[in-house]
J.: 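Before anything else, here's the structure in question.
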2 protein chains.
Amino acid sequence: MNKPLKIRKNAELRKPEILRSFYQTIVEEGIEGASIGKVARRMNIHPSLIMHYFSTKENMMTELVNYIINEYGNLLKNISVHHDEPHERIHQLLDVLWSDEWYRLTDVSADFSMLSVSFRHEKVNRQFRHLYAQFGKFLAKELQRFMDAGIIAAGDPDVSAEVLVSLIEGYRHFKHFYVDKDSSERFRQEMKRAVLNMLGYRPKRAGAGEK
Amino acid sequence: MNKPLKIRKNAELRKPEILRSFYQTIVEEGIEGASIGKVARRMNIHPSLIMHYFSTKENMMTELVNYIINEYGNLLKNISVHHDEPHERIHQLLDVLWSDEWYRLTDVSADFSMLSVSFRHEKVNRQFRHLYAQFGKFLAKELQRFMDAGIIAAGDPDVSAEVLVSLIEGYRHFKHFYVDKDSSERFRQEMKRAVLNMLGYRPKRAGAGEK
DNA sequence: CCATGAATTGAATATTCAGTTAATTAAGAG
DNA sequence: CTCTTAATTAACTGAATATTCAATTCATGG
């Protein structure tokens, strides 16, 4: 004789819940297949409830981008690179940036959809730009540290950071085209090597530093 | 008293014409906004005509990817790097790869849409993989040439080529976030510098080649 | 305890969607 | 000139779409 037992939640809980479902729907069906109806069905709620919270689909879209970018920003803040010894540190940093956890955070397939939106949507574009700027700033600070320690020879750390972001994104985009695990790991290793080369990294042993 | 004067075209002309319009619609409205109706309206033809040629929308999609990838492949074939002198050649190659013409060929915004499709669509995924493999092979051949000439110190040219493709795509994806022209050009220059570093390029002057 | 407002629903809106079927038009072959 | 065939349109269909609006259920604070 149990009543359906529907739990009422407030906006603070419901909105992100809807956004996550929206995101998941985009992952599974693409942005072209993510309708309000489908999102509602997945959550067992009424489509109107979604409209109640977001007014329009477009609105929901920009709030989703916002949500994701915040999540990303949080991750950025919590990157833990403990080592102070510069050689150890640079390797740890690259290990984190090319780690699986880093890439599991968001689903690249959905990110592509969002990025494609950013081309037509000024607001979304700005949001992404802000995210990348944040990311760049974080990396630039690290690079500066390595330059001060004299273990890399990059020019302007800001510009190098941008190139680095580019490479990281490029890697993210390509990863999924490598099906077999071996070549995937090799690709990852080669990426790290490439970055070190690119930055003019001088390894520990053989302390030759002419010029 | 002029009749509307509709010209009849055969499939050979009509199909690519439809595909181009489909592509343009995706550019302007995103894949989520590219319906058969809109494509037909843009061409002043009847939606059924599109169905006549492609049967299903999904079919049209894969044919579009095919079309684009062919175009890309043609571009690849026509890359003209004339110089034989290796130093000249490597610079010319990088100039071409980071040239405006190269990036004007397809619209990155639509490419993103397609790539996002590739995550859910096995056929599309394969098509992209093939394209990138082609591209990688082309670059690997060039890299081999530079290695033989002893002006770069890359390890396996195939792997380095993959990294290079990654970087090129990363650049393509980021380009549009740089609005002002100056920083855009600086970014481009820095990219080239990064690639040369990455490949362990040794400039002409000061022919020191110890090891 | 009741009044106010938020959460949620139901039914109805007009619109757009991909796709079907049948008819019409024109081009090319004989 | 006619017959055949391919290109094109016209008129639909049914399902799905986003969105609106009024009604209802609940929580809570005065």
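Just so it is clear: chains get the letters A, B, ... in the order the sequence lines come, proteins before strands, and each one is counted from 1.
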J.: Side-chain N or O of B:His52 less than 4.0 angstrom from OP1 or OP2 on D:dA7?
T.: yes

J.: For residues 34-48 of chain A, which residue pairs qualify under salt bridge (Lys or Arg N to Asp or Glu O under 4.0 Å), counting only residues two or more places apart or in two chains?
T.: A:Glu28-A:Arg42, A:Glu29-A:Lys38

J.: Restricting to pairs with a member in residues 50-72 of chain B, which pass salt bridge (Lys or Arg N to Asp or Glu O under 4.0 Å), not counting sequence neighbours?
T.: B:Lys15-B:Glu63

J.: Enumerate donor-acceptor pairs with a distance under 3.5 Å from any side-chain N or O in residues 133-142 of chain A to protein atoms, sequence neighbours excluded.
T.:
| residue | atom | partner | partner atom | Å |
| --- | --- | --- | --- | --- |
| A:Glu142 | OE1 | A:Arg89 | NE | 2.9 |
| A:Glu142 | OE2 | A:Arg89 | NH2 | 2.9 |

J.: Hey, can you pull the residues of residues 30-41 of chain A with a non-hydrogen atom under 4.0 angstrom from DNA chain D?
T.: A:Ser35, A:Ile36, A:Gly37, A:Lys38, A:Arg41

J.: Going by the rule salt bridge (charged side-chain N to carboxylate O under 4.0 Å, His left out), which residues pair with A:Arg120 if we only count those two or more places apart in sequence or in a different chain?
T.: B:Glu32

J.: Considering only residues two or more places apart or on different chains, which pairs with a residue in residues 106-128 of chain A satisfy ring pair (Phe, Tyr, Trp, His ring centres under 6.0 Å)?
T.: A:Phe112-A:His173, A:Phe112-B:Phe112, A:Phe112-B:Phe119, A:Phe119-B:Phe112, A:Phe119-B:His176

J.: Look for any protein N or O under 3.5 Å of an N or O in nucleotides 10-14 of chain D and output each such pair with its distance, or none.
T.:
| residue | atom | partner | partner atom | Å |
| --- | --- | --- | --- | --- |
| D:dA10 | N7 | B:His46 | NE2 | 3.4 |
| D:dA10 | N6 | B:Ser48 | OG | 3.0 |
| D:dA11 | N6 | B:Ser48 | OG | 3.4 |

J.: Rounding to a whole Å, what distance do you find between A:Leu13:CG and C:dT8:C1'?
T.: 15 Å

J.: What integer distance in Å separates B:Met51:CE from C:dT20:P?
T.: 6 Å

J.: Taking only side-chain N and O atoms of A:Arg14, does any of them lie within less than 4.0 angstrom of OP1 or OP2 on C:dA6?
T.: no

J.: Output the rounded distance in Å from CD1 (A:Ile45) to C1' (C:dT8).
T.: 9 Å

J.: For A:His87, enumerate each residue passing the ring-ring contact (aromatic ring centres under 6.0 Å, His included) test, keeping only those at least two apart in sequence or located in another chain.
T.: A:Tyr201

J.: Not counting sequence neighbours, which residues clear salt bridge (charged side-chain N to carboxylate O under 4.0 Å, His left out) with A:Glu185? List them please.
T.: A:Arg188

J.: Do A:Gln144 and A:Asp148 pass the side chain to side chain contact (heavy atoms under 4.5 Å, CB included) test, and can you show the C-alpha distance, the side-chain angles, and the key distance before you say yes or no?
T.: CA-CA 6 Å; A:Gln144 184 65 59; A:Asp148 291 345; 3.0 Å; yes

J.: Please list every donor-acceptor pair under 3.5 Å in which a side-chain atom of residues 152-165 of chain A meets a protein atom from a residue at least two apart or in another chain.
T.:
| residue | atom | partner | partner atom | Å |
| --- | --- | --- | --- | --- |
| A:Asp156 | OD1 | A:Asp158 | N | 2.9 |
| A:Ser160 | OG | A:Asp156 | O | 3.3 |
| A:Glu162 | OE1 | B:Tyr178 | OH | 3.2 |
| A:Glu162 | OE2 | B:Tyr178 | OH | 3.2 |

J.: Within residues 53-66 of chain A, find the residues that approach DNA chain C with a heavy atom at under 4.0 Å, and present them sorted by residue number.
T.: A:Tyr53

J.: Taking atom P of D:dT17 as reference, at what distance in whole Å does atom CD1 of A:Ile50 sit?
T.: 12 Å

J.: Sequence neighbours left out, what passes ring-ring contact (aromatic ring centres under 6.0 Å, His included) with B:Phe54? Give chain and number order.
T.: none

J.: Is a side-chain donor or acceptor of B:Ser166 paired with a backbone partner of A:Gly170 at a separation under 3.5 angstrom?
T.: yes

J.: What's the CG-P distance between A:Leu49 and D:dT24, to the nearest Å?
T.: 18 Å

